[in-house]
Amino acid sequence: MGYDFKSAEKKWQDKWEEAGVFHAEDCSEKPKFYGLVEFPYPSGAGMHVGHIKAYSGLEVVSRKRRMQGYNVLFPIGFDAYGLPTENYAIKTGIHPRKVTDMNIEKFSSQLKRVGFSFDWTRVIDTTQENYYKWTQWIFLKMFEKGLAFRDKTLVNYCPSCKVVLSNEDSQGGKCDICHSDIVQKSKDVWYLRITEYADKLLEGLNGLDYLPNVILQQKNWIGKSTGAFVDFDVKGSDDEKLRIYTTRPDTLFGVTFMVIAPEHPIIDKYADRIANMDAVEGYRKECAKKTEFERTQLVKDKTGVRIDGLSGINPVNGKEIPIYISDYVMMGYGTGAIMAVPAHDERDYDFAKKFGIDIIEVLKGGDIEKEAYTGEGEHVNSEFLNGLNKADAIEKIIEFLAEKGIGEKGVQYKMKDWAFNRQRYWGEPIPIVHCEHCGMVAVPYEELPLKLPKVENFAPGSDGESPLAKIDSYVNCTCPKCGAPAKRETDTMPQWAGSSWYYLRYIDPNNDKAFADREKLNYWGRVDWYNGGMEHVTRHMIYSRFWHKFLYDLGEVPYDEPYAKRTAQGLILGPDGEKMSKSKGNVVDPNEVVDEYGADVLRTYVLFMGDYEKAAPWSKSSVKGCKRFIDRVWGLQDILVDGDTYSKELESSIHKTIKKVTEDIENMKFNTAIAAMMTLLNVIYDNGKINKAELKAFITILNPFAPHVTEEMWEKNNFGGMLANGKWVDFDEAKCVDDEIEIVVQINGKVKTKLMVAADIEADEAIAIAKADEVIAAAIAGKNVVKELYVKGRLVNIVAK
RNA sequence: GCGGAUAUGGCGGAAUUGGCAGACGCGUUAGAUUUAGGAUCUAAUAUCAACAGAUGUGCAGGUUCAAGUCCUGUUAUCCGCACCA
C-alpha cells in the first residue's frame, strides 16, 4: 500500500494543533530555545517557495531541539502594514483592513498546510490595535527622550501620484509607480535619531554570532570614519571660517584648493561678493537638475566652478588657495566642504588635472606625475611632519590643530537619521498633537492606542498630505496639555516600525499592560537564532537593534542585543536559473507542489536542493527524487522485522547517520543531512531488512524534515505516543567506527590498490601488509624505496624511485 | 573604483579541512516488470582509450610523499557599497 500523503498530512496537522504540541511554555524549567524567522508581509499573491525555504531551516532546528528536551519558542506573525495592500485597496475599493485579513487568512492556511511547527497561539499582526498600541508607546518614549523629532527635508514628491516617495521608489528621477518626473519639495517630517546610537550599534556587533558578511554589511551601513575637522579662514569674507572634515589631516601641507558642495550656505551668504555669481548659480542649477544616478556616474570627469571673490587660507602655512564648487562634494556628509589634496586623493587629482591646479607631494612612495598616491609613506614637504609615518603624523597634526584652536578630532558616519514618516493611510498613526500654545504634545499613554480611523477614501491627498489629513474628526482634537483646540499629526509610521520590535511581542503577545511581561522577558531573553534574507540584514536589523538598545537604556528590556545569532538563506531561483519574477513567468507556487507531492516532499526538497546559504535553481525533476525518497522510506515497513536493539549489520551505519544528521542540522547543512539519510536508506535496502529499533531511530531523525510521513509510520507501528513529542536519538561515537576499514595504497601519491585492514592497525604493520600485496610488490620491485607513510585510517603511500 | 564571495561531470551539489575527487539526488543508457504509457526495480554513468593506462576541480606557476583544499599571479561570474573627503 502506497503512502497517502493527502489524508495523512491533514490528519497530523489537526492532531498537532489539537494536542498543542508546539506551544511554548513560559518560564518552564527546561532550557529555552527561541528561534525566529522573518515574519511575512501578507501579499495578495500568497506564499512563495522562498518563504518555505526561509522557514524550513529553523523549522528543522526547532523540531529537533524540542525532541532534545528544549522548551522551544518558534513563532510566526504578519508584518501587515504597507503600500502594496494600500495600493490594492485603492484599486479595488476594498478596505485595507479587509484585504489584510484575507491575505493573513490565506497565508495562515498555506503555512499550516506545510506543517510548520509554529506556535499559533502567539501569532501577531502588526496592524492590530493591541500590537500597534505598543509600537506607538515605544515611539512616544523616543519622543520623550528627544530621539523622535521633526525637521525640514527635501523629499521626493511625485506631483501625479501626489505622494512622497522614498529614494528607492524614485530612482532615476522618475516615479516608480507612474513614471512622471519627481520634484524636490521641502517638508517637515519625523526622524528618529538613530545616529545617536551609531557607536553602540557598531560596538554591539562584536559579541554576536552573525554571519561575517552580515557584520560587514552592517558596519558599512553605519560607515564610521575617524579624522579631523579643520577651520580654514576665508579671504574676502567677514572673518568667516570654512570648516572641513578630513580623514587625512596629516596631508594638510599638500592642500592646494578647497571644494564645497553646490548647496553650501556660504555661497548665498556672500553672493554679493562673488564676482562670477552668474556662473556659480548656473552650475548650481545644473546640479539640481541632475538625478542621483547621473551624479554618481561620472567618476572621472569632474565638473565645477571656481568661486571668484572668496579664497581659503591654509591654516598650517598661511597659503592662499582657491575655492571651487563641485558636485563631487555632498552637503549631506561631513561639513559639505573639503580640503583638496590632489597628490594623495584620486578625486582631487582628477579635479586638479582638469582645472590645472598645483599638485604638491607630501607623502613618499608614489609617482604623482601619473596618478594620486593613496598609500602610506613618509611625509615630505610638511615641515614638522616630515619623516613621520601616517599614524604619527595624524596624531601630531591633531595635537597641533587643537593647540592653535583651528581644528579637532572628529568622527563621521554614513548612516543618517531615520526618516520616520509616510503620508499614507495604512500605517500606525503617529500619536502626537500639534498645539498652538504647547507645540508638539504626546498623546497620553493611557489613551493609546491612537486608533487608525476607519475611512472610506484612503487614497493619498493632494500636496502629499496623508489621507488622515482630510478627516476633520480625526485632525481636530484638544491639546492634552492645555485643553485648547489642537490638530493631530496626520503622518503615519513607515513599514519598518512594526517589525522593529516584533520578536519582543511573541514573548507575551496578549499582554495589555506592557509590551511584554518582565518575568517572561527574563526567561526568554534574546532570540537565540534569527534566520532571514540577506536583503534585511542592514535596514531591518539595524533599525530593530536600535529600538532594542533604546529600550535597554530605558530599562525596559533586560539585555542589550535582540539577536544572538543571525543566518541567511539563499534565494530559490526559477528553473531557468533566473531570479523568480512574475514577469519572467518562472515562479513556482508552493501550493502546487504540496498538491502534487505533499508537504514532506516540498520541505525536504527545499533543504536538499543545495547549500542552504546559497542560491539554487528550482528543478522539477529533482523534486521527484525527494518524492521517491519519501515513498521508499514508507516502503521500509514492507521489510520490517522484530528487534529492540540495532542489528550488527546496521549498527554502525545508524550511529554514523544519527551523528551526521545531529551535527549537520546545527550547522545548517541540511542538504548533506538528507543525503546521509538517503545513503542509510540505500544501506538498509541492500541489507534486505530493518528492525523496529532501527526504524524508530530512522524516522526520528527524519521527522524534523518530513514530519507527516514519519508520524504516520510511528502510529501505524504502535511505537507509542506522538513522534512530535518524541525523544531525539543519541549516537555513540565508539559505534560510529567499523572494525575493519578500507585503506588506499599509493605509490608516489598515485592510488594502486585498496586493502581491508583492522581499524586500529599500526603504521609498521599497515606498510608491511601493503608491501606484501602482489600489485604493490611488483610495482616497487627493483626500485629504491625512499619513504613510507601511513595516514591513520586513510592510506599508505610508498615513495619509490 | 572599493569590499566580499564563488568557480568541481550533462544538471543541483559532496569531499572528515592537505590524504581514494565527483557522496547524495536529478538526468541519461541498458535490462526486468507492464497490453501500452506511467510508476517501480536492477545495473552502468567524469573524460580519452578495446585493455593496460593516461588525463581531470576557471587559467598559469609554486610548496608537498600527497593539493579542489596551502602560496603567488591571473580571468570570469555574482552580491554589497559607491565621488563618504
Side-chain angles (χ1 to χ4, degrees), chain A residues 2 212-214 216-217 219-221 223-225 227-228 244-249 251 258-259 261 295-303 326-330 332-341 344-348 350-351 374 412-415 534-535 537-538 570-571 573 575 577 604-605 608-611 613-629 631-632 635 660 663 669 671-682 685 742-754 786-801:
Chain A
N213 202 17
V214 172
L216 190 76
Q217 282 197 31
K219 278 187 179 165
N220 286 344
W221 176 267
K224 182 178 182 172
S225 86
I244 61 96
Y245 174 73
T246 178
T247 54
R248 296 298 302 272
T251 60
M258 299 178 83
V259 186
R295 220 175 140 160
T296 53
Q297 266 320 80
L298 304 167
V299 179
K300 277 282 168 194
D301 191 23
K302 296 281 181 287
T303 60
S326 174
D327 63 357
Y328 82 90
V329 174
M330 308 288 153
Y333 183 80
T335 61
I338 63 158
M339 61 178 220
V341 186
H344 305 291
D345 181 282
E346 282 171 31
R347 295 152 303 177
D348 298 347
D350 295 338
F351 194 89
T374 55
Q412 284 292 308
Y413 300 93
K414 285 188 206 174
M415 187 167 70
M534 269 320 279
E535 68 274 22
V537 303
T538 47
L571 285 178
L573 306 172
T604 308
Y605 176 65
F608 180 65
M609 62 194 296
D611 185 332
E613 292 176 7
K614 290 202 194 113
W618 184 270
S619 159
K620 218 171 149 49
S621 55
S622 284
V623 179
K624 278 194 250 167
C626 289
K627 168 73 175 157
R628 271 179 215 143
F629 171 60
D631 286 342
R632 268 158 59 82
K660 178 86 179 145
E663 292 171 356
K669 305 204 77 177
N671 55 337
T672 50
I674 294 166
M677 290 187 282
M678 289 174 167
T679 305
L680 177 61
L681 188 66
N682 291 340
Y685 274 108
E742 188 186 63
I743 61 164
V744 164
V745 184
Q746 300 177 330
I747 291 177
N748 300 334
K750 304 238 175 205
V751 179
K752 290 294 166 189
T753 190
K754 293 169 188 182
V786 182
K787 205 168 187 176
E788 298 165 334
L789 296 121
Y790 173 64
V791 181
K792 193 163 167 39
R794 304 249 173 261
L795 55 76
V796 168
N797 188 14
I798 297 168
V799 185
K801 281 182 183 158

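Lettering of chains follows the sequences in order, A, B, ..., and the numbering in each one begins at 1.
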Return the value, rounded to whole Å, for the distance between atom [atom1] of [X] and atom [atom2] of [N].
{"X": "A/L573", "N": "B/rC78", "atom1": "CG", "atom2": "P", "result": "12 Å"}
{"X": "A/I674", "N": "B/rG13", "atom1": "CD1", "atom2": "C1'", "result": "13 Å"}
{"X": "A/K302", "N": "B/rG1", "atom1": "NZ", "atom2": "P", "result": "14 Å"}
{"X": "A/M677", "N": "B/rA23", "atom1": "CE", "atom2": "P", "result": "19 Å"}
{"X": "A/M678", "N": "B/rG13", "atom1": "CE", "atom2": "C1'", "result": "12 Å"}
{"X": "A/D611", "N": "B/rA23", "atom1": "CG", "atom2": "C1'", "result": "15 Å"}
{"X": "A/L795", "N": "B/rA67", "atom1": "CG", "atom2": "P", "result": "12 Å"}
{"X": "A/K414", "N": "B/rG3", "atom1": "NZ", "atom2": "C1'", "result": "10 Å"}

Spacing of the [atom1] atoms in [M] and [N] (rounded, Å):
{"N": "B/rC20", "M": "B/rC26", "atom1": "P", "value": "26 Å"}
{"N": "B/rA15", "M": "B/rU8", "atom1": "C1'", "value": "10 Å"}
{"N": "B/rG73", "M": "B/rU69", "atom1": "P", "value": "16 Å"}
{"N": "B/rA44", "M": "B/rC24", "atom1": "P", "value": "12 Å"}
{"N": "B/rG18", "M": "B/rG62", "atom1": "C1'", "value": "16 Å"}
{"N": "B/rA5", "M": "B/rG38", "atom1": "P", "value": "48 Å"}
{"N": "B/rC11", "M": "B/rG19", "atom1": "C1'", "value": "29 Å"}

Can you give me the N/O atom pairs linking the protein to nucleotides 64-66 of chain B at distances under 3.5 Å, or say none if there are none?
residue: B/rC65; atom: O2'; partner: A/N797; partner atom: ND2; Å: 3.4
residue: B/rC65; atom: O2; partner: A/N797; partner atom: ND2; Å: 2.5

Quick one: classify the glycosidic conformation of B/rU64 as syn or anti, with syn meaning within 90° of 0.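 Because its glycosidic torsion lies more than 90° from 0, B/rU64 adopts the anti conformation.
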Kindly label the base of B/rG12 as syn or anti, based on whether its glycosidic torsion lies within 90° of 0. anti
Of A/K754, A/R794, A/K752, which meets side-chain contact (heavy atoms from CB on, under 4.5 Å) against A/V744?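 Only one of A/K754, A/R794, A/K752 forms a side-chain contact (heavy atoms from CB on, under 4.5 Å) with A/V744, namely A/K754.
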Can you give me the dot-bracket string for RNA chain B, 5' to 3', counting Watson-Crick and G-U wobble pairs with both distances under 3.5 Å, using [ ] for crossing pairs and | for partners on another strand? (((((((..(((......[....)))((((((.......))))))(((....)))..(((((..]....))))))))))))....
Counting any heavy atom closer than 4.0 Å, what does [X] reach on the DNA or RNA strands: base, sugar-phosphate only, or nothing?
{"X": "A/K669", "result": "sugar-phosphate"}
{"X": "A/K750", "result": "sugar-phosphate"}
{"X": "A/E742", "result": "base"}

Both A/N671 and A/V751 contact RNA chain B. Taking the nearest nucleotide for each, which residue is further toward the 5' end? A/N671
Would you mind telling me which of B/rA85, B/rC24, B/rG19 lies closest to the side-chain atoms of A/V791?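 Nearest nucleotide to the side chain: B/rG19.
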Select one nucleotide: of B/rC20, B/rC24, B/rA85, the one nearest the side-chain heavy atoms of A/V744.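 Nearest to the side-chain atoms of A/V744, counting from C-beta on, is B/rC20.
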Using atom names, set out every protein N or O paired with an N or O of nucleotides 9-12 of chain B below 3.5 Å, distance rounded to 0.1 Å.
residue: B/rG12; atom: O2'; partner: A/M609; partner atom: O; Å: 2.4

State which residues pass side chain to side chain contact (heavy atoms under 4.5 Å, CB included) with A/K219; sequence neighbours excluded, sorted by chain then number. A/L202, A/L205, A/I215
Qualifying residues under side chain to side chain donor-acceptor pair (under 3.5 Å), relative to A/S622, sequence neighbours excluded: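 Partners of A/S622 under the side chain to side chain donor-acceptor pair (under 3.5 Å) test: A/S619.
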What nitrogen or oxygen pairs link the protein and nucleotides 37-43 of chain B at under 3.5 Å?
residue: B/rU40; atom: OP1; partner: A/R628; partner atom: NE; Å: 3.1

Atom of A/T303, atom of A/S326 and distance for their closest heavy-atom approach: O-OG, 2.6 Å
Going through the checks in order, is the side-chain contact (heavy atoms from CB on, under 4.5 Å) test met by A/N682 and A/R632? CA-CA 9 Å; A/N682 291 340; A/R632 268 158 59 82; 2.5 Å; yes
